[in-house]
Amino acid sequence: MEKTFQPADIETRWYQEWESKGYFAPQGGDEAYSIMIPPPNVTGSLHMGHGFQEAIMDALIRYHRMAGYNTLWQVGTDHAGIATQMVVERQLEAKGISRHDLGREEFIKKVWEWKEESGGTITRQLRRLGSSLDWSRERFTMDEGLSNAVQEVFIRLYKEGLIYRGKRLVNWDPVLHTAISDLEVISEEEQGHLWHFDYPLVGGEGHLTVATTRPETMLGDSAVAVHPEDERYAHLIGRMVELPLTGREIPIIADDYVDKEFGTGCVKITPAHDFNDYEMGKRHGLPLLNILDDNAAIGSDAPEAYFGMDRFEAREKIVADLDALGLLNKIDDHTLKVPRGDRSGVVIEPYLTDQWYVDARELAKPAIAAVENGDIQFVPKQWENTYFAWMRDIQDWCISRQLWWGHRIPAWYDDDGHIYVGESEKAVRAEHKLADTISLSQDNDVLDTWFSSALWTFSTLGWPEETEDLKIFHPSSVLVTGFDIIFFWVARMIMMTLHFRKEVPFDTVYVHGLVRDAEGQKMSKSKGNVLDPIDLIDGIELEPLVSKRTAGMMQPKLAAKIEKATRKQFPDGIAAYGTDALRFTYFSLASTGRDVQFDIGRIEGYKNFCNKIWNAARYVMMNCDGEDCGQDESLPFDRSLADRWIVSRLQEIESDVARCVASYRFDLASQALYEFIWNEYCDWYLELSKPVLWDDNASPEAKRGTRRTLIRVLETWLRLLHPLMPFITEEIWQTVAPLAGKSGPTIMLQPYPVADDSAVDSAANADIEWLKGVIVGVRNIRGEMNIPPGKELTVLMKNGGEEDQRRLTQNAPFLRKLAKLDEVTWLDTTEEAPVAATALVGDLEILVPMAGLIDTEAELARLAKETEKLEKDLKRLQGKLGNSSFIDKAPAEVVEKERDKMQAQEQALQKLKEQEQRIRNI
RNA sequence: AGGACUAUAGCUCAGUUGGUUAGAGCGCUACCUUGACAUGGUAGAGGUCCCCAGUUCGAAUCUGGGUAGUCCUACCA
């Protein structure tokens with residue numbers, strides 16, 4: 001074995017081996033366990049947040065696969081309608097071509113080409129992360145099978161009246177030229193103005209002043225509203241005002257939506273360009289005047305003077321024109337929430353168009369019930385509230401998008417605007433007995449990507465066919481996801497799956513935190529603060545990292561900011577840590593919190609952990625390879641105290657890990673393993689094995705017993721650790737397993753260790769604690785007295801009981817070796833002890849004679865420190881036990897425990913004081 | 001505006017139903033190339049558990065209020 005662990009050498013090798021041998025496919029078994037991957041965008045790439053999520057899923061999958069479940073991890077990607085179309089359009093733009101130049105068919109061909117070209121990025125990343133996905137079943141939302149499922153669902157929902165088409169105000173993206181759903185609109189506070197305009201009353205005698213943040217919409221005003229109880233305006237309700245610049249007259253209406261306190265208490269109403277106004281317009285039967293076109297420029301229904309102007313240009317002109325007319329009352333600075341498209345970043349316009357909707361209210365009912373009655377459980381449970389809050393106030397879901405890339409809506413129109421929904425034009429004609437003379441044209445729009453993602457758990461398994469896979473693997477066991485897509489995806493999956501399968505899509509939703517950058521920001525492509533997990537695995541120099549992170553940034557200002565942050569955060573680039581270290585870091589951070597702040601210091605530590613594991617195995621192999629490790633079960637062997645202890649601890653760790661995984665606490669699981677491997681197996685057990693293995697006088701039985709334990713415990717914890725660190729465990733296991741009497745082509749299909757409670761040995765645990773106590777006591781004296789570690793000491797023991805004596809006799813060789821002693825002598829109570837430095841283990845006094853070794857002053861100082869600590873603690877205990885209400889009210893065993901503690905402390909203090917006296921008397 | 005979450009060592013985080021001397025890693029200090037590992041070993045230093053009040057024999061933990069931060073939902077033209 002190499003002296004240090006070199007991850008790069010082994011990772012790709014093992015992954016190829018596993019994949020080519022088909023180990024990732026379901027292996028059979030009575031009980032199924034399945035996870036459907038949240039499909040990443042096919043043309044995107046994974047960042048640290050994805051890496052985190054994949055690591056968790058892989059751990060769950062590997063764990064259950066080893067535990068004997070029939071395990072499926074379904075892999076696939078989605079087509080990300082808007083994002084993908086944008087990327088391809090931008091590429092064409094660079095060549096001066098628009099998608100309209102190409103035409104729909106040619107354009108879609110280009111998108112497919114791009115998908116083929118870029119789709120490999122994600123799958124490559126997934127492989128490097130060690131994800132044990134069943135690649136033979138890879139799916140894509142635009143595949144034929146999944147497209148059929150989408151069509152089937154659309155047609156059925158339409159026929160059931162749960163999908164409808166309607167002219168509504170939608171969130172319109174004037175750059176992407178499509179409607180988007182509420183969830184795709186991000187509203188953030190921005191600095192703007194509040195313009196106050198005077199609208200003259202028809203018939204003279206004054207005006208009303210209205211305020212607006214979007215002056216250009218005044219061209220489409222249908223009314224001015226005031227509060228019905230507003231005395232200032234009550235007498236004007238029903239009268240008309242002149243709408244400047246348009247030559248129109250509009251009524252003054254009363255509606256209690258108006259806030260009397262805000263502005264002047266008069267609101268201009270633009271039903272075609274504002275969601276609230278739209279509702280009010282409906283209540284009052286106001287006309288809808290659309291003054292914009294698809295680009296959000298002023299449309300042909302507006303006054304000619306503004307026709308064709310961009311909305312912001314028009315805004316300026318309208319303000320200027322009103323000013324010229326003396327109707328601009330004032331302009332105030334104003335902070336307002338500006339809605340922007342999450343993809344394009346441009347200001348979204350409420351815009352009147354024909355769109356398709358899903359009646360979400362109806363579908364939500366059973367979806368709410370499924371979580372209420374526990375058919376689906378969220379972990380952590382608090383997320384159920386988020387889910388309920390949204391579901392109980394759900395809005396109809398706008399599912400049509402004015403894009404070319406996506407599932408085209410299976411609806412046809414005749415010249416009279418009748419709608420026919422079906423799987424093809426032919427089918428529609430047949431169903432409705434339409435004559436060939438009637439011309440039909442298909443709806444130009446496609447469906448929201450989330451519409452197809454909502455079917456993911458069952459469409460990937462072959463639905464609408466009743467496949468064997470559906471029967472076995474659906475519902476899936478758990479959905480692993482971030483809380484940011486509970487609404488987008490989780491809720492919609494639950495609704496669709498319940499409706500079409502009459503069963504839940506998954507039993508559990510495990511909601512993990514979101515990975516943040518050093519400033520606590522969520523990682524996202526558009527912010528440019530993403531980190532590629534592969535860069536932590538392989539490492540990357542600063543310059544390539546900077547150019548990678550700033551590549552493709554639209555705004556130079558943002559690019560400069562990212563560059564600066566990158567240079568500050570990673571002045572020397574990023575070192576290569578390997579996949580196992582990265583994964584272990586993820587697990588250690590996977591607690592119940594919402595935020596995961598990735599810390600480079602931690603991955604560094606876990607890289608060292610990998611090296612520790614590697615070297616522990618190296619030590620074991622050096623001592624076991626070619627030796628008798630007890631593979632032959634008929635040969636006798638003796639087990640040392642340490643052997644019994646480490647086997648006992650192993651059982652406890654096994655049940656800890658099982659408990660942690662069952663509750664999705666990978667942070668606790670990883671910590672338990674870390675502590676066991678490093679602090680118990682390496683620090684103590686390996687050290688305790690040396691006195692046996694290196695002792696020429698030790699019996700063959702003892703050596704056999706220790707080697708047997710050494711190798712078997714190692715082999716077991718490798719399996720225990722494998723779901724978290726797949727590569728290093730596999731590499732080591734291959735050489736270790738045969739010596740432990742195990743065989744098999746791979747660790748990943750070996751049984752997962754299960755605790756054997758009968759092997760828990762509390763006597764051994766107690767004896768080892770004693771041994772550790774004595775060793776640490778001596779080391780402590782050595783450390784504080786500056787006695788060189790190599791200097792062998794003579795130690796005397798005093799005042800102990802029979803148990804101490806037994807432990808000493810049985811473990812003297814271990815004690816001598818680990819505490820570097822040349823002699824240990826038991827003093828009878830009658831014997832006079834020499835002046836010595838002292839440590840206490842219970843009643844037992846450990847004496848290190850001072851002659852020539854120990855500086856009196858230093859020892860006194862050490863004792864004083866100890867004494868002070870004890871006195872402080874004792875005071876606290878005395879206070880507690882002196883309090884009669886504590887004695888009366890606290891449970892008896894708690895009181896008893898405190899009493900024992902106090903007694904022990906008192907005795908210890910007593911001994912320290914005697915010791916101090918003795919030293920002073922020299 | 002409503003709601004949720006977070007606040008523990010210099011940094012990143014644990015702390016299970018209230019009962020510890022409040023823990024881990026990194027970082028820091030001192031010593032050590034002892035035959036697995038200097039990516040290491042040994043021994044240390046370091047905390048007003050955000051603040052205030054309450055419940056309790058006992059609060060990092062429960063309740064109320066406040067402060068700071070993050071997020072979600074809905075929004076006033």
Side-chain angles (χ1 to χ4, degrees), chain A residues 1 3-5 182 187 194-195 210-214 217 225 257-259 261-270 274-277 334 336-337 382-383 385-386 389-390 393 483-484 486-487 514 516 520-522 581 585 588-589 591-623 659 663 665 667-668 671 674-675 678-679 682-683 686-687 690 694 776 779-784 786-790 820 869-870 872-873 876-877 880 883-891 893-895 897-898 901 905:
Chain A
M1 286 175 86
K3 197 174 171 185
T4 54
F5 174 54
D182 299 347
S187 290
L194 195 55
W195 286 269
V210 298
T212 181
T213 54
R214 297 188 295 154
T217 61
Y257 158 80
V258 179
D259 179 356
E261 309 304 318
F262 190 89
T264 56
C266 300
V267 190
K268 58 188 272 313
I269 303 299
T270 323
D274 182 281
F275 288 99
N276 290 310
D277 293 4
H334 185 64
L336 72 163
K337 294 260 178 132
Q382 60 187 54
W383 292 111
N385 293 330
T386 309
W390 192 68
D393 189 32
F483 59 83
D484 52 339
I486 288 180
F487 307 144
L514 300 182
R516 313 272 167 184
Q521 295 286 311
K522 180 175 145 185
T585 311
S588 73
L589 295 171
S591 60
T592 55
R594 266 186 2 174
D595 300 327
V596 176
Q597 189 105 329
F598 196 85
D599 175 25
I600 213 84
R602 286 191 81 149
I603 194 172
E604 181 91 42
Y606 294 126
K607 185 183 130 201
N608 296 346
F609 180 48
C610 290
N611 193 57
K612 190 76 183 176
I613 291 170
W614 184 259
N615 276 286
R618 210 158 75 92
Y619 166 81
V620 174
M621 288 308 291
M622 286 169 78
N623 286 285
R659 204 171 34 247
S663 55
R665 289 301 304 270
D667 59 328
L668 300 180
Q671 204 189 339
Y674 183 96
E675 277 173 9
W678 198 315
N679 303 129
C682 292
D683 286 351
L686 293 189
E687 294 308 319
K690 289 173 184 175
W694 296 353
V776 168
R779 280 178 183 169
N780 185 295
I781 291 171
R782 201 189 274 279
E784 305 226 347
N786 282 323
I787 301 170
K820 276 261 167 171
K869 223 166 152 188
L870 277 177
K872 206 175 130 200
D873 201 35
R876 195 185 54 85
L877 284 164
K880 210 167 183 180
N883 183 346
S884 62
S885 46
F886 172 71
I887 309 281
D888 292 346
K889 294 186 179 167
E893 70 252 34
V894 172
V895 177
K897 209 171 118 194
E898 296 294 305
K901 234 191 273 176
Q905 304 274 34

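Just so you know, these numbers use all the heavy atoms, side chains as well, and skip hydrogens, waters and symmetry mates. Numbered from 1 within each chain, the chains take letters A, B, ... in sequence-line order.
- A close approach under 4.0 Å does not occur between any side-chain nitrogen or oxygen of A:Arg594 and OP1 or OP2 of B:rC5.
- Across the protein-nucleic acid pair, A:Trp694 atom CH2 and B:rU34 atom C1' stand 9 Å apart, rounded to whole Å.
- Looking at heavy-atom distances under 4.0 Å, A:Ala389 makes no contact with the nucleic acid at all.
- Rounded to whole Å, the distance from CD on A:Gln382 to P on B:rU73 is 16 Å.
- Residue A:Arg665 is in sugar-phosphate contact alone, with no base atom involved, counting any heavy-atom pair closer than 4.0 Å across all strands shown.
- Applying the 4.0 Å criterion to OP1 and OP2 of B:rG41, one finds that A:Lys612 has a side-chain N or O inside that range.
- Comparing the C1' positions of B:rG64 and B:rA74 gives an interatomic distance of 27 Å, to the nearest angstrom.
- For A:Ile603 and B:rU39, the CD1 to P distance is 17 Å, given to the nearest whole Å.
- Counting any heavy atom pair closer than 4.0 Å across all strands shown, A:Ile887 reaches no nucleic acid atom.
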- Message: side chain to side chain contact (heavy atoms under 4.5 Å, CB included), that's the test. Do A:Cys266 and A:Val210 meet it? Break it down for me.
- Response: CA-CA 5 Å; A:Cys266 300; A:Val210 298; 4.0 Å; yes
- Task: Carefully, step by step, assess A:Trp390 and A:Ile486 under the rule side chain to side chain contact (heavy atoms under 4.5 Å, CB included).
- Result: CA-CA 9 Å; A:Trp390 192 68; A:Ile486 288 180; over 6 Å; no
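- A:Asp595 has its CG atom 12 Å from the P atom of B:rU12, to the nearest Å.
- Going from atom CZ of A:Arg618 over to atom C1' of B:rG35 covers 11 Å, rounded to whole Å.
- For the strand RNA chain B, secondary-structure stems (runs of at least three Watson-Crick or G-U pairs, all distances below 3.5 Å) span B:1-7 with B:67-73, B:10-13 with B:23-26, B:28-32 with B:40-44, B:50-54 with B:62-66.
- At the phosphate of B:rA36, OP1 or OP2 sits under 4.0 Å from a side-chain N or O atom of A:Lys690.
- Distance A:Glu687 CD to B:rG40 P: 15 Å, rounded to the nearest Å.
- Backbone-only engagement by A:Asp683 is indicated by non-hydrogen atom pairs under 4.0 Å involving sugar-phosphate atoms exclusively.
- No engagement by A:Cys610 is indicated, since no non-hydrogen atom pair under 4.0 Å with the nucleic acid exists.
- Taking 4.0 Å as the cut-off between side-chain N and carboxylate O, A:Arg876 and A:Asp873 count as a salt-bridged pair.
- Side-chain nitrogen and oxygen atoms of A:Asn611 include none within less than 4.0 Å of the OP1 or OP2 phosphate oxygen of B:rA38.
- At a threshold of 4.0 angstrom between heavy atoms, the contacts of A:Ile600 with the nucleic acid are absent.
- With centres under 5.5 Å and a plane angle under 30° as the test, the ring of A:Trp383 is not stacked against the base of B:rA4.
- Atom-to-atom distance recorded for A:Met1:CE and A:Trp614:CH2 is 4.0 Å, nearest 0.5 angstrom.
- Residues A:Val596 and A:Cys682 each lie close to RNA chain B; by heavy-atom proximity, the contact nearer the 5' end of the strand is made by A:Val596.
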- From CA spacing to verdict: side chain to side chain contact (heavy atoms under 4.5 Å, CB included), A:Leu514, A:Val596: CA-CA 6 Å; A:Leu514 300 182; A:Val596 176; over 6 Å; no
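- The residue A:Trp390 sits apart from the nucleic acid: no heavy atom pair falls under 4.0 Å.
- Remark: A:Lys612 is not positioned above the aromatic ring of A:Phe5, lacking an NZ or CZ atom under 6.0 angstrom from the ring centre and at most 45 degrees off the axis.
- Taking a cutoff of 4.0 Å between a charged side-chain nitrogen and a carboxylate oxygen, A:Asp277 and A:Lys268 do not qualify as a salt bridge.
- In this pair, A:Trp383 and A:Phe483 present their aromatic rings parallel. The plane angle is below 30°, not in the 30 to 60° band.
- Look at CG on A:Leu668: it is 10 Å from P on B:rU16, rounded to the nearest Å.
- Residue-level contact check: A:Ile269 touches neither bases nor backbone, having no heavy atom under 4.0 Å from any strand.
- Comparing B:rC13 with B:rG19, their C1' atoms are spaced 25 Å from each other, to the whole Å.
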- Message: Within the 4.0 Å limit for protein heavy atoms, which parts of nucleotides 19-27 of chain B are touched? Write it as a string from 5' to 3', B for base, S for sugar-phosphate only, - for none.
- Response: BSS--SBS-
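- Comparing the same atom, P, in B:rU55 and in B:rU63 gives a spacing of 15 Å after rounding to whole Å.
- Using P as the reference atom, B:rC26 and B:rG41 are 9 Å apart when rounded to the nearest Å.
- Looking at A:Arg782, its side chain has no donor and acceptor atom pair within 3.5 Å of the base of B:rU42.
- Between A:Phe609 and A:Tyr674, the ring planes are tilted. Angles from 30° to 60° get that label.
- Between A:Asn385 and A:Tyr619, the residue anchored closer to the 5' end of RNA chain B is A:Asn385, taking for each the nucleotide with the nearest heavy atom.
- Taking atom CD on A:Gln597 and atom C1' on B:rU12, their separation rounds to 8 Å, with Å as the unit.
- Residues A:Thr592 and A:Arg665 have side chains in contact (heavy-atom distance under 4.5 Å, counting atoms from C-beta outward).
- With a 4.5 Å cut-off on side-chain heavy atoms, A:Gln597 and A:Leu589 do not count as touching.
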